[in-house]
Amino acid sequence: MYRLSEEESLIRKTVRDFATRELAPLVAEAERTGCFPREHILPRMAALGLFSVCVPPELGGVGGTTLMLCIIGEEVARIAGGFAIGVMASVVSPSALVKLSGGRVAAPVLASLLEGMVMPAMAFTEPGAGSDLVAIRTKVTRTEHGLVLDGAKAFISNGPTADVYLVAAVRAEAMEASREERAKGLGVYVVPRGLDGFSIGKPLEKLGMRSSETGELHFDGVLLPPGPGLGAAKTEGDKKSGMRAMMDLLDYNRLYIAALSIGIAQAAFEASLEYVKQRRAFDKPIGHHQATGFKVARMAMKLDAARALVQRACELYDGGGRCAREVAEAKLYASEAAVEITSDAVQIHGAYGYTEEFAVERYFRDAKVGTIWEGTSEIQQQIICRELGLYD
Ligand SMILES: Cc1cc2nc3c(=O)[nH]c(=O)nc-3n(C[C@H](O)[C@H](O)[C@H](O)COP(=O)(O)OP(=O)(O)OC[C@H]3O[C@@H](n4cnc5c(N)ncnc54)[C@H](O)[C@@H]3O)c2cc1C
């Protein structure tokens, strides 16, 4: 269990009530059509102040802790993993933009995000580079007219329908340099939908997370808006190298993703706990058969352990200390635990668990991507090895 402050407990209750009342009725249709119902979700979450968390009050936010962002992700994912990924950029990017821009993000941009008026997407992965961010080929060139973006992104959540994109790119002059120099040349550029030369691919059909749209983006000589408007927030290697700023952002995102995995696993656990009490075999509830009861016991243990790891990493992150290892441990453990828990949930439900009549099949499909996105399980282990000094 988390040790929650009064404000964190209040956020949990607010989001749980909201998600149960307003999001649960939308899930079946969204999963069937593959469409994230943004118009029903974003303005309502914004009205609850959920996009203002971790944004400083002087910039129009409500402040708060990274754990609060995780609680929002977890509670939405408990209802639908796809919805939790659909809202992720809206929940995370306002405070991420404030961090990346050193507080210089344009007020109208921030206000439209906090009000849920625009839907953001975070675009780092490319057809040829996912785990290896330094290998991305999307480049930004300084011209007499302004910054021009060329390249392509793949597997972008909200890609097909977002209004504004946080796009990772390398400065053109660093493109052919050493890895170290390329890393310094990495940055994030805010790109509005609809610019000349910016085209968007169709939504992909996926194993899970079907109530969230995922797709490709193409940039062909896209002239970014000048000045402090949407083009303003970017990181270029001044105090921090671009790569370090990106890593900070990835840590932030990974904590949300760890919590999202916990939310899916929590739903599978609750369904299993209920089912083992009701379903009978050999004249007793199946929970009385040790092999089944023990699965539920281990689910509870893994959920508690995952939450403890997330809370520790959030506290370290907010404290400003080095926490790459703790974040990686939280993301690795929570996402793998979710795969195990949702798989056990299907097993516990027997044949029913394999049908669409019971939500556990969806939880099982949705959990898998947790070990792939935002840094695969292998990459998390590589980070832990590095932080343990194995590569020194
Ligand atoms: C549904 C979905 C939504 C997504 N949403 C977004 C999004 O919104 N924004 C975004 O930017 N990206 C998004 N992604 C992309 C995701 O973050 C990447 O898929 C992920 O980072 C892995 O990159 P890759 O797929 O290119 O795998 P690769 O990097 O090609 O890796 C393939 C395999 O090789 C392994 N591997 C690679 N390097 C190493 C190494 N050094 N050591 C050990 N093993 C290694 C990996 O662990 C993996 O198993 C999404 C993906 C999915 C499936």
Side-chain angles (χ1 to χ4, degrees), residues 30-31 34-36 38 73 77 80-93 96 100 119-138 151-170 179 186-191 193 200-219 246-247 249-258 260-261 264 327-328 331-332 335-336 338-339 362 365-386 390-391:
E31 287 283 313
C35 294
F36 173 63
R38 56 179 284 184
F83 288 178
I85 198 65
V87 301
M88 175 178 169
S90 297
V91 172
V92 170
S93 68
L100 280 170
M119 182 163 78
M122 292 189 268
F124 303 154
T125 307
E126 302 192 347
S131 304
D132 185 6
L133 199 54
V134 178
I136 64 173
R137 303 297 301 170
T138 298
K153 296 289 168 183
F155 307 109
I156 305 308
S157 300
N158 295 350
T161 50
D163 304 301
V164 62
Y165 299 80
L166 272 60
V167 178
V170 182
R179 276 184 74 86
L186 273 175
V188 174
Y189 297 83
V190 181
V191 185
R193 189 188 187 88
I200 295 173
K202 286 202 196 101
L204 294 172
E205 303 213 338
K206 313 188 291 294
L207 172 68
M209 298 292 184
R210 292 186 183 160
S211 50
S212 140
E213 287 120 336
T214 315
E216 285 189 5
L217 313 174
H218 299 272
F219 308 102
M246 295 284 290
M247 287 298 135
L249 177 59
L250 287 181
D251 278 349
Y252 201 50
N253 289 352
R254 273 174 195 153
L255 289 168
Y256 180 96
I257 287 292
L260 182 156
S261 293
I264 297 170
V327 171
K331 198 271 181 182
L332 174 65
S335 59
E336 298 211 331
V339 171
R362 170 164 60 86
R365 288 188 288 102
D366 285 354
K368 179 58 201 163
V369 72
T371 66
I372 297 172
W373 61 17
E374 230 42 70
T376 62
S377 286
E378 291 76 21
I379 295 299
Q380 304 312 314
Q381 288 168 86
Q382 205 184 41
I383 293 169
I384 296 166
C385 285
R386 186 195 67 210
L390 264 66
Y391 307 145

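Note that this is a predicted model, so its numbers are computed, not measured. No hydrogens, no waters, no symmetry mates; every other heavy atom, side chains included, goes into these values. We count ligands from 1, going down the list as the structure has it; atoms in each ligand are counted the same way.
Using a 4.0 Å cut-off between heavy atoms, Q382 contacts ligand 1 through its side chain alone, with no backbone atom that close. Within the 4.0 Å heavy-atom criterion, the part of K206 lying near ligand 1 is the side chain and not the backbone. With a 4.0 Å heavy-atom cut-off, ligand 1 is reached by the backbone of T125 and by its side chain too.
The nearest heavy-atom contact from the protein to atom 45 (C) of ligand 1 is E378 CB, 4.3 Å. Scanning the protein for heavy atoms near atom 20 (C) of ligand 1, the closest one is I372 O, 3.4 Å. Closest protein heavy atom to atom 13 (C) of ligand 1: F155 O, 2.9 Å. In this structure, the protein non-hydrogen atom closest to atom 2 (C) of ligand 1 is W373 CE3, 3.5 Å. With respect to atom 37 (C) of ligand 1, the closest heavy atom belonging to the protein is S131 OG, 3.8 Å. In terms of protein heavy-atom proximity, atom 48 (C) of ligand 1 is nearest to T376 CG2, 4.0 Å. In terms of protein heavy-atom proximity, atom 39 (C) of ligand 1 is nearest to I379 CD1, 3.9 Å.
Residues F83 and A30 approach most closely at CE2-CB, 3.6 Å, considering heavy atoms. For the pair S212 and G82, the tightest heavy-atom approach, listed with the atom from each and the gap, is CB-O, 3.3 Å. The two residues S93 and L166 have their closest heavy-atom pair at CB-CD2, 4.1 Å. When all heavy atoms of N158 and P120 are compared, the closest pair comes out as ND2-O, 3.1 Å.
Inside a 4.0 Å radius of atom 25 (O) of ligand 1 there is not any protein heavy atom. For atom 30 (O) of ligand 1, the nearest protein heavy atom is 4.0 Å or more away. For atom 35 (C) of ligand 1, the nearest protein heavy atom is 4.0 Å or more away.
Using a 4.5 Å cut-off on side-chain heavy atoms (C-beta onward), P160 and K202 make no contact. I383 has its side chain within reach of Q380: a pair of non-hydrogen atoms, C-beta onward, lies under 4.5 Å apart. By the 4.5 Å heavy-atom criterion applied to side chains, I85 and I257 are counted as neighbours. In this structure, E374 and Y256 have side chains that are not in contact, with every pair of non-hydrogen atoms separated by 4.5 Å or more. You'll find the side chain of W373 reaches within 4.5 Å of the side chain of L260, heavy atoms only. Between F36 and M119 the shortest side-chain heavy-atom distance falls below 4.5 Å. Looking at F155 and V369, their side chains never come closer than 4.5 Å, going by heavy atoms from C-beta outward.
Those atoms of ligand 1 with a heavy atom of E374 less than 4.0 angstrom away are 17 (O). Numbered from 1 in the order shown, with element, the atoms of ligand 1 that lie under 4.0 Å from a heavy atom of S157 read 3 (C), 4 (C), 5 (N), 6 (C), 7 (C), 8 (O). Interface of V369 with ligand 1, defined as ligand atoms under 4.0 Å from a residue heavy atom, comprises 1 (C), 52 (C), 53 (C). Within ligand 1, the atoms closer than 4.0 Å to a non-hydrogen atom of I156 are 7 (C), 8 (O), 9 (N), 10 (C), 11 (O), numbered from 1 in the order shown. The M122 neighbourhood of ligand 1 comprises atoms 7 (C), 8 (O), 9 (N), 10 (C), 11 (O), with distances under 4.0 Å to a heavy atom of that residue.
Looking at ligand 1, you won't find any N or O of A154 less than 3.5 Å from one of its N or O atoms.
For the pairing with E126, the side-chain contact (heavy atoms from CB on, under 4.5 Å) check across D132, L133, L217, I136 returns one residue only, I136.
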